[in-house]
Amino acid sequence: MKVVTWNVNSIHARLDNVLNWVEANDPDILLLQETKVVDQEFPIDDFGDLGYDCVFTGERSYNGVAICAKDEIHEVKKNLPGDGPEAQKRLIAGRIGQLRVASVYVPNGQALDSDKYPFKLEWLARLRAYLPELTRPDQPFLISGDYNIAPADLDVWDTKAMVGSTHVSPPERAALAALQEFGLVDAFRLLEPNKRQYSWWDYRAGCFQRDVGLRIDLHLVSQALVPRVRRVTIDTQARAEEKASDHAPVILELSDA
DNA sequence: ATGGTAGCAGAGCTA
């Protein structure tokens, strides 16, 4: 089984790239972030033509998450408890067969002195508090997406250049560690303890061509899934395409239960 | 190079 997480940076602007990629790679489950469309405008027919059922929660211009799957999606939950209708659309969860999945778009934080930074930390704390309502540690569960946090220095192109920036600050990494303390494992790092590979590269200043990037797109899998993790592939080829997202899709391959 | 590019929206914000 193939599960993919991909921050597409607008599903409308990226529709051809995404559909072509999905046809070529044939994932069972697709977890999308930054769809940037209201629910009425999500391209369900295009995914339907490829055989996918989609659920989503989105808004105009910013944020937006989705789950697309070949099998039926059950028990769909959108956003965090206490989120009103105006809340940023950053989380969607569901169950496909026995597997519980969630697509997450963690706030960027912008800068350590921005009011968006405490919002990021508070949002992560709320997500941590919500985990017991999404699953139990012994269930097959994964929560994947754009965490906007590089877990360790090995996930950063240049730690010195990142001093004083978001994505690497100790409070952010502590918030990610708190999520993992629920029993969630970074699947890429599980299989590749020493590999340096990124999932996001800034559009500016030729960052992709220079491999100036961060690994911030993660598959966090429950203990029950750990023995089933076969391979994790960051498809940097997709980032090199014309009109590419600034994030690469990350493919998680699981063996059967 | 305190810049650079991309998306949305149609100026400035977000990333």
Side-chain angles (χ1 to χ4, degrees), chain A residues 5-21 31-43 46 56-66 79 83 86-92 103-124 127 144-151 155-169 171-173 175-176 198-218 234-250:
Chain A
T5 183
W6 196 359
N7 178 323
V8 294
N9 186 18
S10 169
I11 191 61
H12 277 165
R14 214 67 57 208
L15 192 57
D16 287 345
N17 295 54
V18 171
L19 294 175
N20 289 336
W21 190 92
L31 305 169
L32 303 177
Q33 301 88 37
E34 278 208 89
T35 53
K36 297 187 175 179
V37 287
V38 294
D39 293 349
Q40 296 88 327
E41 293 173 20
F42 192 94
D46 295 287
F56 34 81
T57 177
E59 61 189 274
R60 185 166 297 285
S61 304
Y62 303 111
N63 311 312
V65 286
N79 309 317
D83 275 349
E86 304 305 314
Q88 298 177 9
K89 306 303 188 293
R90 296 181 174 278
L91 178 69
I92 188 164
S103 175
V104 62
Y105 178 47
V106 172
N108 177 288
Q110 200 167 70
L112 298 187
D113 60 357
S114 164
D115 57 3
K116 295 184 176 64
Y117 181 70
F119 173 76
K120 179 180 193 174
L121 296 177
E122 287 159 18
W123 196 91
L124 284 160
L127 176 62
S144 307
D146 177 0
Y147 281 82
N148 271 317
I149 300 168
D155 305 305
V156 178
W157 67 279
D158 184 344
T159 52
K160 286 181 197 154
M162 289 292 290
V163 169
S165 299
T166 57
H167 296 60
V168 299
S169 74
E172 288 167 83
R173 285 179 166 169
L176 179 63
Y198 311 127
S199 66
W200 170 85
W201 303 259
D202 200 306
Y203 281 123
R204 297 170 287 189
C207 284
F208 179 66
Q209 289 72 15
R210 297 185 290 130
D211 200 25
V212 169
L214 300 172
R215 192 176 67 89
I216 55 179
D217 299 273
L218 313 175
I234 304 177
D235 186 4
T236 53
Q237 289 279 70
R239 178 61 178 84
E241 295 286 330
E242 199 77 17
K243 288 275 288 178
S245 168
D246 46 351
H247 295 252
V250 185

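Values in this document were obtained by computation on a predicted structure and should not be read as measured data. Values below: all heavy atoms of this structure, side chains included; hydrogens, waters and symmetry mates excluded. Proteins come first, then strands; the chains are lettered A, B, ... in the order of their sequence lines, and each starts at number 1.
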Inter-nucleotide C1' distance (B/dT14, B/dG4), Å rounded: 15 Å

Partners meeting side-chain contact (heavy atoms from CB on, under 4.5 Å) with A/D46 (sequence neighbours left out): A/L15, A/L19, A/P43

With sequence neighbours excluded, residues passing side-chain contact (heavy atoms from CB on, under 4.5 Å) with A/S165: A/M162

Set of residues satisfying ring-ring contact (aromatic ring centres under 6.0 Å, His included) with respect to A/Y105, sequence neighbours excluded: none

Base versus backbone protein contacts along nucleotides 6-15 of chain B [heavy-atom cut-off under 4.0 Å; B, S, -]: SSSS---BSB

Integer angstrom distance from the C1' of B/dA11 to that of B/dA1: 25 Å

By side-chain hydrogen bond (donor to acceptor under 3.5 Å, both in side chains) - contacts of A/S169 (at least two apart): A/Y117, A/E172

Which residues share a side-chain contact (heavy atoms from CB on, under 4.5 Å) with A/E59, sequence neighbours left out: A/Y62, A/N63, A/Q88, A/K89

Pairwise C1' distance for B/dG3 and B/dA9, with rounding to whole Å: 24 Å

